[in-house]
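Below, all heavy atoms of this structure are taken into account, side chains as well, without hydrogens, waters or symmetry copies. Residue numbering restarts at 1 for every chain, and letters A, B, ... go by the order of the sequence lines. Treat the numbers as computed from the prediction; the structure is a model and nothing was measured.
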Amino acid sequence: MSDELSKTYEPKEVESKWYKTWEDGKYFAPKKGKTGKSYCIIMPPPNVTGILHAGHALDITTQDALIRFKRMKGYESLFLPGMDHAGISTQAKVEAKLWDEQKKTKDDLSREDFLKMTWDWKDEFGGNIANQQKVMGASCDWDYSMFTLDPEANEAVRKAFVSLYNEGLIYQSDYIINWDPKLQSAISDAEVIHEEKNGAFYHLHYKVKDSDIKLEIATTRPETLLGDTAVAVNPNDDRFKHLIGKKAIVPICNREVPIVGDEYVDIEKGTGCLKVTPGHDFNDFDIGKRHNLEIINILNKDGTLNSFGLEFEGMTCKEARKKTVAKLKELDLFVDEKNHVHQVGHGERSGVVIEPMVSKQWFVNTDAMAKSSVDAVEQNQMTFYPKGWENTYFSYQRNPRNWCISRQLIWGHRIPVFTCQSCNHQWADEEVDPSACPKCSKGDLIQDPDVLDTWFSSGLWPMTTLGWPNKERMAERGFERFYPTSVLVTGFDIIFFWVARMMMMGEKLTGKVPFEKTYIHAIVRDKLGRKMSKSLGNGIDPIEMCETYGADAFRFTLAAGSGYNRNINLDVERIGGYRNFINKIWNAYRFIKPHLDLAKSELPTDLDAQEKWIISELNQTAKVMNESIEDFRFDDSCSALYSFIYDSFCSWFIELSKGTLSGEDLELRTRRATVLKFCFKDIVKLLHPFSPFITEELWQDLKEPSEDLLITQEYPEFQNSMIHELEQENMNKFIEIVSGARNLRQSVNIKPKEKVDLHLFTDEEQLAKFLEENQLGIKELANAENINVSKKSSDRPQKAIMKATTHTEVFVPLEGVIDLNEQVKRLETDLKKTTKDFEKYDKKLSNEKFLANAKPEVIDDVKTNHSDLKEKIESLQERIKAFS
RNA sequence: GCGGCCGUAGCUCAGUGGGAGAGCACUACGUUGACAUCGUAGGGGUCACAAGUUCAAUCCUUGUCGGCCGCACCA
């Protein structure tokens with residue numbers, strides 16, 4: 001740092017300089033600290049080919065603040081980064097590229113060629129996001145970084161799979177699943193998003209065989225009738241129960257299907273008759289199972305109708321629906337059509353309508369795991385912050401559904417299940433490429449073609465990244481020390497996807513929860529509260545923000561907006577505001593810098609009142625910081641720091657120090673410079689977790705030669721020896737008096753440069769003494785020539801303006817003409833307001849029940865306020881009388 | 001349908017059973033050597049509405065209105 005500081009802080013070079021210094025110096029590597037304890041955060045791995053968005057920026061900010069805080073507190077701290085292969089989205093990007101460049105689909109390539117192309121893509125674009133995280137200041141130990149498709153991660157996935165498979169918890173089954181016709185893959189329930197769509201109820205007629213009866217059936221999806229294998233009625237429904245056991249005739253395909261009785265059918269709903277399509281409806285699938293119905297799949301993988309679609313074969317469901325309705329009209333089996341708004345499932349990634357379809361897939365039975373994951377939270381082995389989010393977690397985990405984990409994709413972890421062509425034996429293997437069947441020892445094996453749901457590997461991530469299941473790797477990476485990890489920081493949208501799965505897998509495979517706390521942070525939205533999206537163009541690019549305002553300001557903005565809230569509506573102007581704050585700190589330092597040569601390294605014991613006050617305020621701030629960061633109340637941390645630095649330190653303490661520092665008294669100057677330096681050292685320490693760069697930069701100038709970088713310094717703690725209650729009380733009065741004097745000046749348009757005399761009247765002896773001792777300060781801050789402190793029994797100036805503060809009357813005598821009417825009016829306004837307050841207390845004190853029931857400290861407070869306000873009222877009344 | 005959250009200053013939000021808060025925005029004045037990315041001072045709120053519990057309710061309870069979210073239901 002040069003001797004001449006620029007007038008405004010320039011973050012750019014400072015930031016890259018310090019990041020490099022920290023990284024090159026291995027400052028992010030975990031080191032044993034004074035507590036002997038460890039602290040670990042596993043970063044939610046972003047998509048390998050993704051770019052940093054505002055949500056990531058918040059992730060990084062909160063996690064890095066916690067890590068830096070704990071590191072300074074003396075914990076062996078590890079911020080462990082990684083990247084996710086993001087099966088669906090990465091494959092989709094590569095498929096798009098393949099089509100753009102070669103007009104080919106993945107099916108035109110061999111599996112191996114497609115995989116190679118994807119790896120090439122990953123090598124080309126992967127890792128950008130890590131560089132962006134570095135710009136944000138993330139103090140991750142990059143040596144730990146892992147990719148979900150690394151061999152180590154694969155090993156963990158195979159180990160977990162085999163273990164669950166052998167326990168019978170992973171099984172293959174023909175079951176109804178959500179089919180995404182665009183991805184041409186199964187997806188899990190959680191990946192289906194329901195959206196309201198306008199549709200219609202179509203009322204149709206199904207004939208009953210060997211009778212004239214026509215059953216009226218309502219449906220939103222008439223085209224699925226081609227897959228109907230029953231008609232269901234409620235067995236208690238008098239209208240229809242006699243038909244149970246007879247056959248109905250499905251229109252168009254003229255299939256004869258049984259009429260079954262099933263309690264699921266609601267007599268009140270619709271027409272009371274239900275067409276049953278076990279192949280394409282979740283509830284119908286269950287009915288089908290109960291009645292042993294045939295399952296007919298009428299769809300191709302791309303969502304068009306197959307040969308069961310008869311004349312509609314090859315059409316999409318939407319087209320087929322229209323044609324079916326037309327055909328039914330032709331056949332005179334169409335009754336009616338009513339508009340209807342209903343929820344339709346869409347693929348989270350693909351956006352297309354999801355088709356329920358029966359298909360052979362791999363599932364995890366999560367019943368037992370889900371239950372124990374609920375117990376763990378109920379027993380506080382893992383705690384949600386804010387606590388309310390546990391309800392969301394419980395609502396998922398108390399109603400577990402079997403988890404479909406197979407995906408018909410290429411990019412991902414291949415399912416490690418092999419089938420022997422010779423003896424048909426099927427088994428799961430931890431080996432990548434087993435050579436022979438364990439049963440018949442023949443070598444003609446085929447592996448299941450599917451890959452696993454990305455969330456399967458994500459669920460193992462806290463274990464995988466710490467070396468599990470390999471003993472050597474676990475020792476090397478510190479599994480024993482870091483697992484369970486300390487806290488998981490993430491958004492509420494993946495409580496089910498990720499938090500729940502990690503909980504289940506962690507407990508199942510290691511017997512321990514994977515993290516002790518989960519902090520659910522807000523979703524970053526635009527300033528109008530809208531979700532950031534490409535189509536709205538309202539996204540905020542973190543890198544652009546760092547370039548415009550500096551990473552420190554951007555981080556501080558995000559942290560200041562983070563507490564237990566659900567949304568952060570991020571206004572770019574806000575970042576500008578905090579950039580100004582960062583600049584303020586820079587300039588505050590620019591002011592004290594020339595005096596630092598005088599400063600001693602130890603805080604002296606003979607502090608004056610102002611110094612005791614600022615030390616006390618600093619101490620109070622340290623207390624709030626320690627408590628609020630621990631509770632994830634970063635909003636409280638930031639506001640405590642902001643007001644301490646801006647108001648207490650800059651507006652009052654620095655202003656009060658100017659006289660001393662430019663004065664003659666070397667002893668006073670030395671002591672004041674020492675206190676300023678002491679405070680500033682603590683300020684940069686306190687701020688470091690949120691704004692690491694400027695603080696490290698300033699630390700270079702402040703530190704003793706023997707001291708290391710700020711990132712390794714001890715975080716300030718609250719200390720009893722630094723409490724100075726009396727000085728805090730007096731300074732509050734002092735501030736009230738100075739502000740009152742300034743207010744008086746402005747009320748009669750006294751120019752800021754013009755000096756006035758100040759007469760203060762108080763009967764509080766120790767306050768009077770304090771005011772006498774701090775006359776110089778009052779003079780400078782209120783621009784007064786002379787100060788006079790007297791008892792209230794003394795005469796008041798005749799021609800003056802006056803303001804009543806707690807225990808003290810502030811008078812500014814004036815030359816020339818005073819508009820007394822105006823002064824009386826001003827005082828009367830004050831009197832009215834004060835009287836109103838006073839009456840509230842007066843009423844309480846005259847209420848016997850209050851005196852009998854209220855807590856003693858409350859009564860004391862009320863009494864104090866009562867007498868303070870009474871004193872103020874008397875002052876005001878007296879002055880009004882004198883002026884009138 | 002079930003469940004949850006929220007309604008406090010123009011905006012974004014803290015907050016507590018006992019004196020209504022912050023930041024931003026706004027108004028007036030101001031270039032005294034840290035800072036105009038600044039300073040000083042100021043205006044602004046029936047704490048959605050109603051009832052109840054309490055000595056005391058913005059805070060607890062119930063209801064109403066308004067906004068949001070999750071899950072379920074797709075006859």
Side-chain angles (χ1 to χ4, degrees), chain A residues 5 7-9 194 197 199 201-203 216-221 232 264-266 269-276 281-284 340-345 356 388-389 391-392 395-396 399 492-493 495-496 527-529 549 553 557 560-561 563-571 573-574 576-594 633 635-636 638-639 642-643 650-651 654-655 658 662 739 742-747 749-753 780-783 837 840-841 843-844 847-855 857-859 861-862 864-865 868-869:
Chain A
L5 298 187
K7 222 172 155 180
T8 50
Y9 171 60
H194 293 274
K197 292 282 169 186
F201 270 139
Y202 302 93
H203 287 242
E216 187 176 332
I217 293 181
T219 177
T220 54
R221 300 198 56 188
Y264 171 76
V265 181
D266 189 332
K269 252 186 188 171
T271 62
C273 278
L274 190 62
K275 69 193 262 314
V276 183
D281 184 285
F282 285 91
N283 293 306
D284 292 4
H340 174 60
V341 177
H342 63 143
Q343 301 272 330
V344 181
W389 286 113
N391 291 325
T392 304
S395 79
Y396 288 128
N399 302 298
F492 68 80
D493 46 338
I495 289 178
F496 176 68
K527 67 173 177 180
L528 300 173
Y549 301 107
T557 310
Y564 290 174
N565 48 334
R566 192 172 279 244
N567 296 306
I568 296 177
N569 294 352
L570 185 60
D571 185 345
E573 274 186 46
R574 256 329 166 73
Y578 286 117
R579 184 267 320 266
N580 298 351
F581 171 59
I582 296 291
N583 190 55
K584 180 93 180 172
I585 297 169
W586 178 259
N587 276 290
Y589 182 69
R590 221 156 63 89
F591 171 77
I592 69 166
K593 184 178 162 71
R633 290 305 306 258
D635 49 347
D636 288 347
C638 290
S639 89
Y642 188 96
S643 70
C650 292
S651 294
I654 284 189
E655 292 304 325
K658 285 179 176 173
S662 61
S739 301
R742 287 164 169 174
N743 173 289
L744 282 176
R745 299 173 55 110
Q746 295 219 354
S747 75
N749 290 321
I750 295 171
K751 293 272 176 276
K753 273 183 180 170
E780 282 179 355
L781 299 194
N783 200 22
D837 282 348
K840 229 185 305 184
Y841 296 113
K843 205 173 146 194
K844 285 195 176 186
N847 182 345
E848 278 174 34
K849 286 184 176 169
F850 170 74
L851 294 172
N853 291 315
K855 281 179 276 185
E857 59 266 32
V858 172
I859 298 178
D861 276 357
V862 170
T864 307
N865 288 326
D868 286 357
L869 291 176

- Query: Quick one: does A/Cys273's side chain get under 4.5 Å of A/Glu216's, heavy atoms only?
  - Reply: no

- For B/G7 versus B/C47, give the span between their C1' atoms, rounded off to a whole number of Å. 10 Å

- Query: What nucleotide, of B/C13, B/C55, B/C5, holds the atom closest to the side chain of A/Asn567?
  - Reply: B/C13

- Sticking with atom C1', work out how far B/A36 lies from B/A20, rounded to a whole angstrom. 32 Å

- C1' spacing across the pair B/A51 / B/C26, given as an integer number of angstrom: 38 Å

- Task: Taking the side chain as every heavy atom from C-beta outward, state whether A/Thr557 and A/Leu570 have any pair of such atoms under 4.5 Å apart.
- Result: yes

- Ignoring backbone atoms, establish whether A/Thr392 has a side-chain N or O less than 4.0 Å from OP1 or OP2 of B/C69. no

- Just call it for A/Tyr264: base, sugar-phosphate, or nothing, with non-hydrogen atoms closer than 4.0 Å on any strand. base

- Nearest to the side chain of A/Arg633, which nucleotide is it out of B/A14, B/G39, B/U37? B/A14

- Item | Nucleotide of B/U40, B/G42, B/A34 approaching A/Ala588 most closely (side-chain heavy atoms) | B/A34

- Message: Nearest to the A/Asp635 side chain among B/A14, B/C55, B/G23, which nucleotide is it?
- Response: B/A14

- Query: If we take the P atom in both B/G15 and B/C6, what is their distance in whole Å?
  - Reply: 10 Å

- Query: When the P atoms of B/U64 and B/C2 are considered, how many whole Å apart are they?
  - Reply: 13 Å

- Message: What contact category does A/Lys658 fall into here, base, sugar-phosphate, or nothing, at under 4.0 angstrom with non-hydrogen atoms?
- Response: base

- Phosphate OP1/OP2 of B/G42 contacted by A/Ser747 side-chain N/O (<4.0 Å): no

- Message: Taking the C1' atom in each of B/G39 and B/U54, what is the distance between them to the nearest angstrom?
- Response: 48 Å

- Query: Within the structure, does a side-chain N or O atom of A/Arg579 lie under 4.0 Å from either OP1 or OP2 of B/U37?
  - Reply: no

- Listed nucleotide nearest any side-chain atom of A/Glu573, set B/C24, B/A75, B/U40: B/C24

- Message: Just to be sure I understand the rule, does A/Ser651 reach a base, reach only the sugar-phosphate, or reach nothing, if contact means heavy atoms closer than 4.0 Å?
- Response: sugar-phosphate

- Under 4.0 angstrom, heavy atoms only, what part of the nucleic acid is A/Asn569 near: base, sugar-phosphate, or nothing? sugar-phosphate

- Query: Rounded to the Å, how far apart are A/Tyr9 OH and B/A34 P?
  - Reply: 22 Å

- Would you say B/C24 has OP1 or OP2 under 4.0 Å from some side-chain N or O of A/Arg574? no

- Item | Separation of atom CH2 in A/Trp389 from atom C1' in B/C71, rounded to whole Å | 13 Å

- Please state whether the phosphate of B/C24, meaning OP1 or OP2, lies under 4.0 angstrom from any side-chain nitrogen or oxygen of A/Tyr642. yes

- Message: Between B/G33 and B/U40, how many Å separate the two P atoms, rounded to a whole number?
- Response: 15 Å

- Integer-rounded Å distance: B/A75 C1' and A/Ile217 CD1: 9 Å

- Message: Classify A/Ser395 by what it touches in the nucleic acid, base, sugar-phosphate, or nothing, heavy-atom distance under 4.0 Å.
- Response: nothing

- Measure across A/Ala232 and A/Val276 and return the closest heavy-atom pair with its distance rounded to 0.1 Å. CB-CG2, 3.7 Å

- Got a second to check how far A/Asn865's CG is from A/Tyr841's OH, nearest 0.5 Å? 4.0 Å

- Message: Heavy-atom nearest nucleotide on RNA chain B for A/Gly272 versus A/Lys844: which residue maps closer to 5'?
- Response: A/Lys844

- Message: Would you call the rings of A/Trp389 and A/Phe492 parallel, tilted or perpendicular, taking 30° and 60° as the class edges?
- Response: parallel

- Should we say atom CD of A/Glu857 is surrounded by more than 12 heavy atoms from elsewhere, each under 6.0 Å from it? yes

- Message: Measuring only between side-chain heavy atoms, which start at C-beta, is A/Tyr202 closer than 4.5 Å to A/Ile217?
- Response: no

- Message: In whole Å, I'd like the distance from the CG atom of A/Asn391 to the C1' atom of B/C69.
- Response: 13 Å

- Task: Starting from C1' on B/G18, measure out to CG on A/Asn865 and report it in whole angstrom.
- Result: 10 Å

- Task: Give a yes/no on whether any side-chain N or O of A/Lys840 is located under 4.0 angstrom from OP1 or OP2 of B/A20.
- Result: yes

- Per A/Asn587 side chain, nearest of listed nucleotides B/C35, B/C24, B/U40: B/C35

- Message: Using a heavy-atom cut-off of 4.0 Å across all strands, would you classify A/Glu655 as base, sugar-phosphate, or nothing?
- Response: base

- Report yes if a side-chain nitrogen or oxygen of A/Asn580 is closer than 4.0 Å to either non-bridging phosphate oxygen (OP1 or OP2) of B/C38; otherwise report no. yes

- What's the CZ-P distance between A/Phe850 and B/G18, to the nearest Å? 11 Å

- Identify which nucleotide among B/U37, B/A34, B/A72 has an atom closest to any side-chain atom of A/His194, counting heavy atoms from C-beta outward. B/A72

- Would you mind reading off the distance between A/Asp636 atom CG and B/A22 atom P, rounded to a whole angstrom? 15 Å

- For the side chain of A/Tyr841, counting heavy atoms from C-beta on, which of B/A28, B/G19, B/G23 is nearest? B/G19

- When you measure from the centre of the six-membered ring of A/Phe591, is the NZ or CZ of A/Lys658 under 6.0 Å away and within 45° of the axis? yes

- Message: Give the dot-bracket line for RNA chain B from 5' end to 3' end: parentheses for intra-strand Watson-Crick or G-U pairs under 3.5 Å, square brackets for crossings, | for inter-strand pairing, dots for unpaired.
- Response: (((((((..((((....[..)))).(((((.......))))).....(((((..]....))))))))))))....

- Counting any heavy atom closer than 4.0 Å, what does A/Val265 reach on the DNA or RNA strands: base, sugar-phosphate only, or nothing? base

- Query: Looking only at atom P, what distance separates B/C59 and B/U16, rounded to whole Å?
  - Reply: 13 Å

- Note on the structure: Per side-chain contact (heavy atoms from CB on, under 4.5 Å), A/Arg590 is matched among A/Ile585, A/Thr8, A/Leu5 by A/Leu5

- Query: What does A/Phe492 touch in the nucleic acid at a heavy-atom separation under 4.0 angstrom: a base, only the sugar-phosphate, or nothing?
  - Reply: nothing

- Less than 4.5 Å apart, any side-chain heavy atom of A/Tyr549 and any of A/Tyr578? no

- Task: Could you check whether A/Asp266 gets within reach of a base, just the sugar-phosphate, or nothing at all, counting any heavy atom under 4.0 Å?
- Result: base

- Message: Quick check for you: to the nearest 0.5 Å, what is the distance between A/Thr864 atom OG1 and A/Ile859 atom CD1?
- Response: 11.5 Å

- Task: Could you tell me whether the side chain of A/Arg742 reaches within less than 4.5 Å of the side chain of A/Asn783, counting heavy atoms only?
- Result: no

- The nucleotide from B/A34, B/U37, B/C55 with an atom nearest the side chain of A/Ala854 is B/C55

- Starting at atom CZ of A/Arg566, determine the distance to atom C1' of B/A14, rounded to an integer number of angstrom. 17 Å

- Task: Could you check whether A/Phe201 gets within reach of a base, just the sugar-phosphate, or nothing at all, counting any heavy atom under 4.0 Å?
- Result: sugar-phosphate

- Which of these nucleotides, B/C55, B/G18, B/A36, is closest to any side-chain atom of A/Lys7? B/A36

